[in-house]
Amino acid sequence: QVQLVESGGGLVQAGGSLRLSCAASERTLSSYVMGWFRQAPGKEREFVGSIRRSGGVTKYADSVKGRFTISRDNAENTVYLQMNSLKPEDTAVYYCAASGSSWYFVGSGPDGYDFWGQGTQVTVSS
């Protein structure tokens, strides 16, 4: 069982930046593909991006590509989501998740992930 705890959310003006962190209890975080998802009120949980076990490869939703960057520090058991040029439509609860599946099969749906954090609120004001 991997416990994930997100932090770093808050209120920011449009155009600003935030960095979210996801700390894992598991010392073998490197065994998991890590993903970030978000869920706005009244909407389904949507894929933001993911990072391969080694950290060398990432993929992103089109809506955040070029603005958000995922990184990981396996030695510190932490994954990060750097969010720049934030827009009001980025407002949501952000979740990190861990998947034991192969990078090539995990996909971008929440069903591919095994463990989830409790989420952190990000609010972008216009």
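Bear in mind the structure is a predicted one, so any value in this text is a computation, not a measurement. Residue numbers count from 1 along this sequence.
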I'd like to know if the side chain of Arg72 reaches the main chain of Arg52, judged simply by a donor and an acceptor atom lying under 3.5 Å from each other, with no hydrogens or angles considered. yes
Linking I/L/V/M/F/W/Y whenever their side-chain heavy atoms sit closer than 4.5 Å, directly or via other members, would Phe47 and Ile70 fall into one cluster? no
Under the 3.5 angstrom rule, does the side chain of Glu6 hit a backbone N or O of Leu20 as a donor-acceptor pair? no
For a side-chain contact (heavy atoms from CB on, under 4.5 Å) check, start with the C-alpha distance between Met34 and Leu4, then their side-chain angles and the critical distance, and finish with the verdict. CA-CA 11 Å; Met34 297 299 296; Leu4 303 172; 4.1 Å; yes
Flag, side chain of Gln39 to backbone of Ala92, donor-acceptor distance under 3.5 Å: no
Applying side-chain hydrogen bond (donor to acceptor under 3.5 Å, both in side chains) to Asn84 and not counting sequence neighbours gives Ser17, Gln82
Derivation and outcome, side-chain contact (heavy atoms from CB on, under 4.5 Å), residues Thr69 and Tyr60: CA-CA 8 Å; Thr69 303; Tyr60 299 94; 3.9 Å; yes
Find out if a path of hydrophobic residues (ILVMFWY) with successive side-chain heavy-atom gaps under 4.5 Å connects Tyr94 to Tyr80. no
Ignoring hydrogens and geometry, is there a side-chain-to-backbone donor-acceptor pair from Asn74 to Arg53 under 3.5 Å? yes
Kindly give the heavy-atom pair with the smallest separation between Gly119 and Val93, and that separation in Å. CA-CG1, 3.8 Å
Nearest heavy-atom pair of Ser99 and Tyr113: which atoms, and what distance? CB-CD2, 3.6 Å
Report the distance from atom CG of Asn77 to atom SG of Cys22, rounding to the nearest 0.5 Å. 10.0 Å
If you take all heavy atoms of Phe37 and Ser108, which pair is closest and at what distance? CE2-O, 3.6 Å
Hey, would you say the Phe68 and Trp36 ring centroids sit under 6.0 Å apart? no
Using every non-hydrogen atom in the two residues, find where Thr91 and Gln121 come nearest and quote the distance to one decimal. CG2-NE2, 4.0 Å
Shared ILVMFWY cluster between Val106 and Phe115, side chains joined below 4.5 angstrom? no
Got a second to check how far Ile51's CD1 is from Cys96's SG, nearest 0.5 Å? 12.5 Å
By side-chain hydrogen bond (donor to acceptor under 3.5 Å, both in side chains), Arg67 pairs with (sequence neighbours left out) Asp90
Hey, is the main chain of Gly109 close enough, under 3.5 Å, to the side chain of Arg45 for a donor-acceptor pair? no
Atom NZ of Lys43: over 12 foreign heavy atoms under 6.0 Å: no
Heavy-atom nearest pair, Val48 first then Val64, reads O-CG2, 3.5 Å
Quick one, Val79 with Leu29, criterion side-chain contact (heavy atoms from CB on, under 4.5 Å). Give me CA distance, side-chain angles, the key distance, then yes/no. CA-CA 9 Å; Val79 179; Leu29 186 67; 3.9 Å; yes
Taking every non-hydrogen atom, the tightest pair across Val2 and Tyr32: CG2-OH, 3.4 Å
Which residues satisfy the side-chain hydrogen bond (donor to acceptor under 3.5 Å, both in side chains) test with Glu46, sequence neighbours excluded? Arg38
